[in-house]
Amino acid sequence: MKHGAPFPFVQDAVLIGGGHAHALALRMFAMRPLPGLRLTLVNPGPAAPYTGMLPGLIAGHYRRDEIFIDLVRLARFAGAALVLDRATGIDPAAKRIHLSNRSPLAYDLCSIDIGIGSGLPGVPGADDHAVAAKPLGAYAEAWEAFLARRPETPHLVIVGAGVGGVELALASAHRLKGQGAKPQITLIDRAATALPQIGPAARARLMGELDRAGVTLRPGCELARVGAASVTLTTGETLRSDFTLLVAGGQPQPWLAESGLATRDGLLAVGPTLQTSDPAILAAGDCAHLSHAPRPKAGVFAVREAPVLAHNLRALASGGGLKTYQPQRDYLKLVSTGAKAAVADKFGLRAGGPWLWRLKDRIDRRFMARYQAG
Ligand SMILES: Cc1cc2nc3c(=O)[nH]c(=O)nc-3n(C[C@H](O)[C@H](O)[C@H](O)COP(=O)(O)OP(=O)(O)OC[C@H]3O[C@@H](n4cnc5c(N)ncnc54)[C@H](O)[C@@H]3O)c2cc1C
């Protein structure tokens, strides 16, 4: 509502993507609606997965419905319209969002929180024969299908030895062994060292976990080709692979760079107010590049951005000062290790064990419980 306007002035705020920042911002609007601001959420599906619990789903500790945020319920709670579609472009001059299946949506304010995908589009065969860890919904389905038809001794190649790749390798090993299989899992990465984002103490502990789980770590290896039952490395070496998982290769959606908005490596460049180069368009989560304080991609930043995002959308619609977001330097990383145990990493601390799994489980379930209300 504009200051001094006699009647509510309807403005349209369109939130593209049901990522973590938008899910939380919607919940904040549900608790404290702004009269005159009409909210619309655009997301391809009616639910959005919570990645913190994905390794637990792969390991068999969680059911599928436990890791998905119900966007239909959330939108209803926030009084927002939900458009089940995918944004394919944005025209900041005309204030129109292009969608894949319907006519463009007009907006006064827009926020983008669509994440990034994983995958290696330049690698022959990757699109046809490998499964990308993100989007997660498709991965979870492919994994369940694989478990139902897997061979006695399944060979897995997981590409990307960051935190996600290590967690998923350990989770896969745990699940397959639990089924009585004898998995052969190879974790490859083009970098010379695995787990670059983790402190040396926690890294050593996770290396030990990989070793105990029988996961073969192959740093310094690059994928040249993916086949139906094998992968070929750039050295020419071929590895059998019944399930090839790509956790590497953060892929921003190309339409962001084509929008005319300022981008960095394909991500929307935002300042401390989370505004892009167009002040009416904000961005948060993995698809945004924090120009003032770049950070690695992690859901924790999307979550912390949510209150600033909600406040600033409200302020831009109704007048008032904008808040700024200063990301924390470090955060507690809890890396699950297959069975119900986890390793913690913060400020070089090294701790691990079942109690950390219980802590992670409590944090994750508390996060998900916030969406059950309403
Ligand atoms: C295996 C794994 C484990 C991880 N574990 C952790 C962890 O423990 N802690 C942590 O902090 N981070 C973790 N991460 C990183 C975390 O997943 C991301 O940082 C986080 O999901 C980013 O959230 P987001 O809000 O950017 O969007 P996302 O969670 O990626 O959600 C994006 C949403 O936008 C929708 N969307 C996509 N494209 C469009 C479009 N064109 N139009 C409309 N909607 C669209 C998608 O369907 C989705 O609902 C992990 C990642 C992986 C791969």
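We count residues from 1, following the sequence as given.
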### Message
Looking at Ser230, is its backbone amide N or carbonyl O close enough to the side chain of Ser241 to form a donor-acceptor pair, meaning the two atoms are under 3.5 Å apart?
### Response
no
### Audit row: Tyr325, Phe301, ring pair (Phe, Tyr, Trp, His ring centres under 6.0 Å) steps and yes/no
CA-CA 10 Å; Tyr325 171 68; Phe301 299 116; 7.3 Å; no
### Message
Using a 3.5 Å distance criterion without hydrogens, assess whether the side chain of Thr234 forms a donor-acceptor pair with backbone atoms of Leu223.
### Response
no
### Task
Please collect all salt bridge (charged side-chain N to carboxylate O under 4.0 Å, His left out) contacts where either partner lies in residues 89-108, sequence neighbours excluded, each pair once.
Asp85-Arg102
### Query
Backbone N or O of Ala341 within a donor-acceptor pair of the Thr337 side chain at under 3.5 Å?
yes
### Polar side chain donor-acceptor pair, Gln11 to Arg38, under 3.5 angstrom
no
### Query
Does the Asn43 side chain pair with the main chain of Gly18, one donor and one acceptor, at a distance under 3.5 Å?
yes
### Query
Can you tell if the side chain of Gln275 reaches within under 4.5 Å of the side chain of Val270, non-hydrogen atoms only?
no
### Query
Can you find a side-chain donor-acceptor pair between Ser111 and His22 that sits under 3.5 Å?
yes
### Message
Working to the nearest 0.5 angstrom, can you tell me the gap between Arg358 CZ and Leu334 CG?
### Response
13.0 Å
### Message
Rounded to the nearest 0.5 Å, what separates atom CG in Leu39 from atom CG in Leu41?
### Response
9.0 Å
### Task
Return the set of residues passing side chain to side chain contact (heavy atoms under 4.5 Å, CB included) with Arg314 (not counting sequence neighbours), or none when no residue passes.
Phe29, Arg32, Leu34, Ser318
### Query
Who are the salt bridge (charged side-chain N to carboxylate O under 4.0 Å, His left out) partners of Arg175, not counting sequence neighbours?
Glu144
### Task
Compare all side-chain heavy atoms of His311 with those of Pro307 and state whether any distance is below 4.5 angstrom.
no
### Query
Would you call Leu54 and Leu168 a side-chain contact if the rule is heavy atoms closer than 4.5 Å?
yes
### Summary
Heavy-atom nearest pair, Pro219 first then Ala191, reads CB-O, 3.4 Å
### Message
Let me check something: do Ile116 and Leu290 share a hydrophobic cluster, defined by ILVMFWY side-chain heavy atoms less than 4.5 Å apart, either directly or through other members?
### Response
no
### Message
Taking Val163 as the starting point, is it possible to reach Leu217 by hopping between hydrophobic residues whose side chains are less than 4.5 Å apart?
### Response
yes
### Non-hydrogen side-chain atoms of Val335 and Leu356 separated by less than 4.5 Å
no
### Message
With a 3.5 Å distance limit and no angle check, can you tell me whether Arg295 reaches the backbone of Pro327 through a side-chain donor-acceptor pair?
### Response
yes
#### Entry: Leu322 CG to Asn312 CG distance, which is reported to the nearest 0.5 Å
4.5 Å
### ILVMFWY clustering at 4.5 Å (side-chain atoms), partners of Val42
Val14, Ile16, Val83, Ile90, Ile97, Leu99, Leu105, Tyr107, Ile112, Ile114, Trp255, Leu256, Leu261, Leu268, Ile281
### Query
Does the side chain of Arg86 come within less than 4.5 Å of Gln253's, by heavy atoms?
yes
### Query
Please walk me through it: do Leu156 and Leu176 pass side chain to side chain contact (heavy atoms under 4.5 Å, CB included)?
CA-CA 11 Å; Leu156 276 70; Leu176 288 164; 3.8 Å; yes
### Query
Which heavy-atom pair separates Gln328 from Arg304 by the least distance, and what is that distance?
OE1-NH1, 2.7 Å
### Query
Which residue pairs satisfy the ring pair (Phe, Tyr, Trp, His ring centres under 6.0 Å) criterion with at least one member in residues 108-145, sequence neighbours excluded?
Trp143-Phe146, Trp143-Phe243
### Query
Is Val231 close to Arg225 at the side-chain level, that is, under 4.5 Å between some pair of heavy atoms?
no
### Query
Can we say Glu237 and Arg218 salt-bridge, meaning some charged N sits less than 4.0 Å from an Asp/Glu carboxylate O?
yes
### Task
State whether the side chain of Thr276 and the backbone N or O of Asp278 hold a donor-acceptor pair below 3.5 Å, judged by distance alone.
yes
### Expected output: side-chain Glu167 to main-chain Ser336 donor-acceptor under 3.5 Å
yes
### Task
Please determine which of Thr40, Leu282, Leu26 meets the side chain to side chain contact (heavy atoms under 4.5 Å, CB included) test together with Leu15.
Leu26
#### Entry: Test item: Pro154 and Gln184 side chains (from C-beta on) under 4.5 Å apart, heavy atoms
no
### Task
Sequence neighbours left out, what pairs pass salt bridge (charged side-chain N to carboxylate O under 4.0 Å, His left out) with at least one residue falling in residues 145-154?
none
### Query
How many angstroms lie between atom NE2 of His155 and atom OG1 of Thr186, to the nearest 0.5 angstrom?
7.5 Å
### Contacts of Tyr62 that satisfy ring pair (Phe, Tyr, Trp, His ring centres under 6.0 Å) - sequence neighbours left out
Trp357
### Query
Just by distance, do the side chain of Lys177 and the backbone of Ala213 share a donor-acceptor pair under 3.5 Å?
yes
### Task
List for me each residue that meets side chain to side chain donor-acceptor pair (under 3.5 Å) alongside Asp265, sequence neighbours excluded, and say none if there are none.
none
### Task
Over all heavy atoms of both residues, which pair between Leu109 and Leu313 is shortest? Give the atoms and the distance, please.
CD1-O, 3.6 Å
### Message
Which residues pass the side chain to side chain donor-acceptor pair (under 3.5 Å) test with Arg365, not counting sequence neighbours?
### Response
Glu66, Asp361
#### Entry: Least distance between heavy atoms, Ala25 atom then Leu309 atom
CB-CD2, 4.3 Å
### Message
With rounding to the nearest 0.5 angstrom, report the NZ to CG distance, Lys333 to Leu206.
### Response
11.0 Å
### Partners meeting side chain to side chain contact (heavy atoms under 4.5 Å, CB included) with Thr193 (sequence neighbours left out)
Arg203
### Query
Are the side chains of Ile185 and Ile158 in touch, meaning some heavy atoms are under 4.5 Å apart?
yes
### Task
Verify the neighbour count for atom NZ of Lys323: are there more than 12 heavy atoms of other residues, nucleotides or ligands below 6.0 Å?
no
### Message
Centroid separation under 6.0 Å, is that true for the rings of Phe68 and Tyr50?
### Response
no
### Query
What are the two closest non-hydrogen atoms of Gly285 and Glu305, and how far apart are they?
N-OE1, 2.8 Å
#### Entry: Leu210 with Leu239, same ILVMFWY side-chain cluster at under 4.5 Å
no
### Query
Do NZ/NE/NH1/NH2 and the carboxylate oxygens of Asp364 and Arg366 come within less than 4.0 Å?
no
### Task
Give the C-alpha distance, both sets of side-chain angles, the deciding distance and a yes or no for side chain to side chain contact (heavy atoms under 4.5 Å, CB included) between Met53 and Ile58.
CA-CA 9 Å; Met53 292 168 86; Ile58 298 302; over 6 Å; no
### Taking every non-hydrogen atom, the tightest pair across Pro183 and Ala181
CD-O, 3.2 Å
## Note on the structure
Rounding to 0.5 Å, atoms CG (Asp345) and CD1 (Ile198) come to a distance of 4.0 Å
### Task
For Asp286, enumerate each residue passing the salt bridge (charged side-chain N to carboxylate O under 4.0 Å, His left out) test, keeping only those at least two apart in sequence or located in another chain.
Lys134
### Task
Could you name each residue pair satisfying ring pair (Phe, Tyr, Trp, His ring centres under 6.0 Å) that touches residues 161-220, not counting sequence neighbours?
His61-His174
